[in-house]
Colleague: 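Before I ask anything, here is the structure I am working with.
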Amino acid sequence: MSAPRRVLITGGVRSGKSTYAERLLWEAPATYLATGPSRPDDDEWRARVAAHQQRRPSHWSSLESVDVPRALSEINRPCLLDDVGSWLTSALEESGAWVSDTGEGPRRGDEEQSTPPPPSMPTWHQRYAARADAFVEAITAFEHDLVIVTNEVGFGLVSPYQSGRLFTDELGRLNQRLARACDDVVLVVAGCPLVIKGEPKNPSGAS
């Protein structure tokens with residue numbers, strides 16, 4: 001039996017990264033793990049989700065969860081995790097990291113509170129770090145083939161908003177950790193895959 005492989009697929013919006021990732025597991029009885037939040041009142045978002053569902057093989061199962069460590073511990077077959085950016089958004093929110101883009105109003109974290117938190121209370125950095133550590137550890141411990149889709153957001157201009165800069169910085173750091181943990185890394189640009197690390201198998205079975 002060959003050892004399971006972890007493959008990181010990165011690229012920009014509409015780069016074709018998800019389609020390429022799906023093809024890597026097309027013939028496998030895989031589980032699609034969606035980390036994005038449900039948006040029942042957003043028609044455009046629901047249309048995007050439906051398009052993804054119709055494109056995937058009928059023999060795949062689907063699971064929606066932002067608790068990636070728990071979800072991966074319960075999946076016992078190949079998995080496609082899509083995507084890291086959505087997970088990061090939830091993790092930063094749950095950690096209290098966001099701050100008003102205008103600089104007005106209270107911070108939903110720790111750094112701009114009028115009264116510093118007690119020493120025993122973890123800062124948002126510590127809360128997020130614990131979530132990120134658990135996320136990476138769950139990926140390295142997964143015992144089946146795992147394809148991970150992430151976003152490449154560092155090619156554009158630096159965001160004028162603090163929240164945008166925070167997201168870009170943390171996603172870049174997390175992507176580096178995932179790249180070290182994965183056997184293969186592929187950058188997809190305009191539908192064309194560029195192998196950065198390793199030798200991922202050729203996609204097959206999808207048109």
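Atoms considered below: every heavy atom in the structure, side chains included; atoms not considered: hydrogens, waters and symmetry mates.
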Colleague: If the threshold is 4.0 Å, N to carboxylate O, is there a salt bridge linking R131 and D67?
Modeller: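 A salt bridge is absent here (no side-chain N lies under 4.0 Å from a carboxylate O).
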Colleague: Under a 4.5 Å cut-off applied to non-hydrogen side-chain atoms, are V84 and V149 in contact?
Modeller: no
Colleague: Could you tell me which non-hydrogen atom of A21 sits nearest to which non-hydrogen atom of V147, and how far apart they are?
Modeller: CB-CG1, 3.7 Å
Colleague: For Y128, run the side-chain contact (heavy atoms from CB on, under 4.5 Å) check against L166, T123, L88 and tell me which one passes.
Modeller: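 Option passing the side-chain contact (heavy atoms from CB on, under 4.5 Å) with Y128: L88.
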Colleague: Check step by step if side chain to side chain contact (heavy atoms under 4.5 Å, CB included) holds for I139 and L178.
Modeller: CA-CA 8 Å; I139 285 171; L178 293 173; 3.5 Å; yes
Colleague: Heavy-atom distance under 4.5 Å between the side chains of L146 and C79, does that happen here?
Modeller: yes
Colleague: To check you understand the geometry: which heavy-atom pair defines the closest contact between V158 and R165, and what is its length?
Modeller: CG1-CD, 3.7 Å
Colleague: For A3 versus D145, what's the shortest heavy-atom pair and its separation?
Modeller: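 Looks like O-OD1, 4.4 Å.
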Colleague: More than 12 non-hydrogen atoms from neighbouring residues, nucleotides or ligands closer than 6.0 Å to CZ on R70, yes or no?
Modeller: no
Colleague: Can you name the closest pair of heavy atoms from S61 and T31 and give their distance?
Modeller: OG-OG1, 2.9 Å
Colleague: Looking only at atom types and distance, does a side-chain atom of K17 sit under 3.5 Å from a main-chain N or O of G12, one as donor and one as acceptor?
Modeller: yes
Colleague: Under the 3.5 angstrom rule, does the side chain of S159 hit a backbone N or O of Y161 as a donor-acceptor pair?
Modeller: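 Flag set: sc S159 to bb Y161 pair under 3.5 Å.
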Colleague: Check V186 against P193 and note the closest heavy-atom contact, atom names and distance.
Modeller: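 So the minimum-distance heavy-atom pair works out to CG1-CB, 3.7 Å.
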Colleague: From S65 OG over to W87 CH2, what is the distance, rounded to the nearest 0.5 angstrom?
Modeller: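 Separation between the atoms: 11.5 Å.
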Colleague: Are any of the side-chain heavy atoms of F142 and P4 separated by less than 4.5 Å?
Modeller: no
Colleague: To the nearest 0.5 angstrom, please state how far the CD atom of E74 sits from the CG atom of L33.
Modeller: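 Taking CD in E74 and CG in L33, the distance rounds to 10.5 Å.
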Colleague: Nearest 0.5 Å, what's the CG-CD distance between L72 and E143?
Modeller: 11.5 Å
Colleague: Under a 3.5 Å distance rule, please check whether K197 uses its side chain to pair with a backbone N or O of D183 as donor and acceptor.
Modeller: no
Colleague: Can you tell me if R77 uses its side chain to pair, donor with acceptor, with the backbone of A30 under 3.5 Å?
Modeller: yes
Colleague: Between D83, T10, N175, which is the residue that forms a side-chain hydrogen bond (donor to acceptor under 3.5 Å, both in side chains) with T150?
Modeller: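 Option passing the side-chain hydrogen bond (donor to acceptor under 3.5 Å, both in side chains) with T150: N175.
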Colleague: Give me the atom names and distance for the closest heavy-atom approach of C182 to R6.
Modeller: CB-O, 3.4 Å
Colleague: Could you tell me if the side chain of I9 sits less than 4.5 Å from the side chain of I148, heavy atoms only?
Modeller: no
Colleague: Please check: side-chain N/O of T89 versus main-chain N/O of G85, any donor-acceptor pairing under 3.5 Å?
Modeller: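 Here the side-chain-to-backbone pair exists.
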Colleague: Measure the shortest side-chain to side-chain distance between V185 and L187 over non-hydrogen atoms and say whether it is less than 4.5 angstrom.
Modeller: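 Heavy-atom side-chain distance check fails, nothing below 4.5 Å.
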Colleague: Once rounded to the nearest 0.5 Å, what's the spacing between atom CZ of R180 and atom CG of L8?
Modeller: 12.0 Å
Colleague: Is the backbone of A28 close enough, under 3.5 Å, to the side chain of H59 for a donor and an acceptor to pair up by distance?
Modeller: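 Side chain of H59 to backbone of A28, a donor-acceptor pair under 3.5 Å: yes, one is there.
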Colleague: Is there side-chain contact between L80 and W60, with at least one heavy-atom pair below 4.5 Å?
Modeller: yes
Colleague: So do V68 and L81 actually touch side chain to side chain, heavy atoms under 4.5 Å?
Modeller: yes
Colleague: Got L63 and Y32 here, is their nearest side-chain heavy-atom distance under 4.5 Å?
Modeller: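 No, every pair of side-chain atoms sits at 4.5 Å or beyond.
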Colleague: Kindly indicate, with the supporting measurements, whether the criterion side chain to side chain contact (heavy atoms under 4.5 Å, CB included) is fulfilled by L92 and W124.
Modeller: CA-CA 8 Å; L92 290 173; W124 79 260; 3.9 Å; yes
Colleague: Okay, side chain of T140, backbone of E137: is any donor-acceptor separation there less than 3.5 Å?
Modeller: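 Here the side-chain-to-backbone pair exists.
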